Novice: 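One structure coming up, written as structure tokens, with questions to follow.
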Amino acid sequence: MTTDERTTGLRRFFERLTASEEELDAQELQRDSAKCGAVPAGTCQRGQVVSVSGRLRTVAYTPRTNLPTLEADLYDGSDVVTLVFLGRRSIVGIEPGRQLTARGRIAIRDDRKVIYNPYYELEAPR
């Protein structure tokens, strides 16, 4: 083992030791997202068809004038993408803390990344 390898390993150890719980969680989410081949939400651009993977932070029913809407914030460790399910009041399995992979075209609404009516796959609860 070279000196550089030992220094790098020691540096990583101290970074993990001093990192906050949120930073460690974000790093784990980014690793899991990369493993399944998803695009980091932080790099997604408007108009791209992407696959993003992460954990649902919030799920809220938002009654609109004529169309019920279910909105869920998906966090992958780099950024948040809001998944908008038009015409739905609830979806079984779509709940905070649940891991999922969503596919669709990125749109921008109120300076936030949004995917309307995404195709999604729920991951088994851990």
Side-chain angles (χ1 to χ4, degrees):
M1 184 182 283
T2 67
T3 306
D4 289 339
E5 289 173 348
R6 271 187 262 140
T7 304
T8 303
L10 191 59
R11 181 176 293 143
R12 266 189 308 218
F13 171 75
F14 283 115
E15 285 174 357
R16 281 192 310 246
L17 191 61
T18 60
S20 70
E21 189 69 31
E22 291 82 22
E23 291 170 333
L24 293 174
D25 188 43
Q27 290 172 1
E28 181 183 348
L29 285 170
Q30 288 175 358
R31 277 193 303 274
D32 291 346
S33 178
K35 275 187 215 174
C36 72
V39 176
T43 64
C44 294
Q45 300 293 320
R46 190 178 116 229
Q48 279 184 314
V49 176
V50 297
S51 175
V52 290
S53 182
R55 184 177 304 132
L56 293 177
R57 279 187 164 173
T58 60
V59 177
Y61 167 65
T62 313
R64 302 280 183 207
T65 54
N66 293 331
L67 185 67
T69 304
L70 184 68
E71 296 186 7
D73 287 340
L74 180 72
Y75 178 64
D76 75 343
S78 66
D79 201 359
V80 175
V81 174
T82 302
L83 309 177
V84 178
F85 300 92
L86 300 172
R88 303 298 298 266
R89 287 184 170 83
S90 67
I91 299 173
V92 175
I94 301 292
E95 55 197 28
R98 194 69 188 262
Q99 295 278 131
L100 67 83
T101 300
R103 290 182 197 87
R105 187 174 303 275
I106 294 287
I108 303 294
R109 182 183 76 186
D110 300 330
D111 293 327
R112 293 176 30 198
K113 296 173 184 173
V114 177
I115 299 177
Y116 290 97
N117 293 327
Y119 171 80
Y120 66 93
E121 294 175 13
L122 295 169
E123 294 182 18
R126 295 181 182 182

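Note that this is a predicted model, so its numbers are computed, not measured. Below, each value reflects all heavy atoms present in this structure, side chains not excepted, and no hydrogens, waters or symmetry copies.
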Novice: State whether the number of non-hydrogen atoms from other residues, nucleotides or ligands found under 6.0 Å of Arg109 atom CZ is greater than 12.
Specialist: yes
Novice: Which residue pairs pass the ring pair (Phe, Tyr, Trp, His ring centres under 6.0 Å) test with at least one member in residues 85-112, sequence neighbours excluded?
Specialist: Phe85-Tyr120
Novice: When you compare the side chain of Pro68 with that of Tyr61, does any pair of heavy atoms fall below 4.5 Å?
Specialist: yes
Novice: Kindly give the heavy-atom pair with the smallest separation between Leu122 and Gly93, and that separation in Å.
Specialist: CD2-O, 3.7 Å
Novice: Output the distance between atom CG (Leu100) and atom CG (Leu56), rounded to the nearest 0.5 Å.
Specialist: 4.5 Å
Novice: Report whether Val81 and Val59 are members of the same hydrophobic cluster (ILVMFWY, side-chain heavy atoms less than 4.5 Å apart, transitive linking).
Specialist: yes
Novice: Do you know the tightest heavy-atom contact between Asp76 and Ala41?
Specialist: OD2-N, 2.7 Å
Novice: So which heavy atom on Cys44 is nearest to which on Val52, and how close?
Specialist: SG-CG1, 4.0 Å
Novice: Thr43 versus Val50: any side-chain heavy-atom pair under 4.5 Å?
Specialist: no
Novice: For the residue pair Ile115 and Arg103, what are the closest heavy atoms and their distance?
Specialist: CG2-O, 4.3 Å
Novice: Of all heavy-atom pairs between Gly42 and Ser78, which one has the smallest distance, and what is that distance?
Specialist: N-OG, 3.0 Å
Novice: Can you hop from Val39 to Val49 via hydrophobic side chains spaced under 4.5 Å?
Specialist: no
Novice: With clusters defined by side-chain heavy atoms of hydrophobic residues (ILVMFWY) lying less than 4.5 Å apart, directly or transitively, does Leu70 cluster with Tyr119?
Specialist: no
Novice: Would you give the length of the straight line joining atom CZ of Arg88 to atom CG of Leu67, rounded to the nearest 0.5 angstrom?
Specialist: 12.0 Å
Novice: Atom OG of Ser53 and atom CD of Glu121: how far apart are they, to the nearest 0.5 Å?
Specialist: 9.5 Å
Novice: What's the separation between atom CZ in Arg98 and atom CD in Glu123, rounded to the nearest 0.5 Å?
Specialist: 9.0 Å
Novice: Starting at CZ of Arg105, measure out to CD of Gln48 and round the result to the nearest 0.5 Å.
Specialist: 10.0 Å
Novice: Look at the side-chain heavy atoms of Ile, Leu, Val, Met, Phe, Trp and Tyr, link any pair under 4.5 Å apart, and say whether Leu83 and Leu86 land in one connected group.
Specialist: no
Novice: Just one of Arg112, Arg57, Glu71 clears the side chain to side chain donor-acceptor pair (under 3.5 Å) bar with Thr82, so which one?
Specialist: Arg112
Novice: Got a second to check how far Tyr116's OH is from Ile106's CD1, nearest 0.5 Å?
Specialist: 11.0 Å
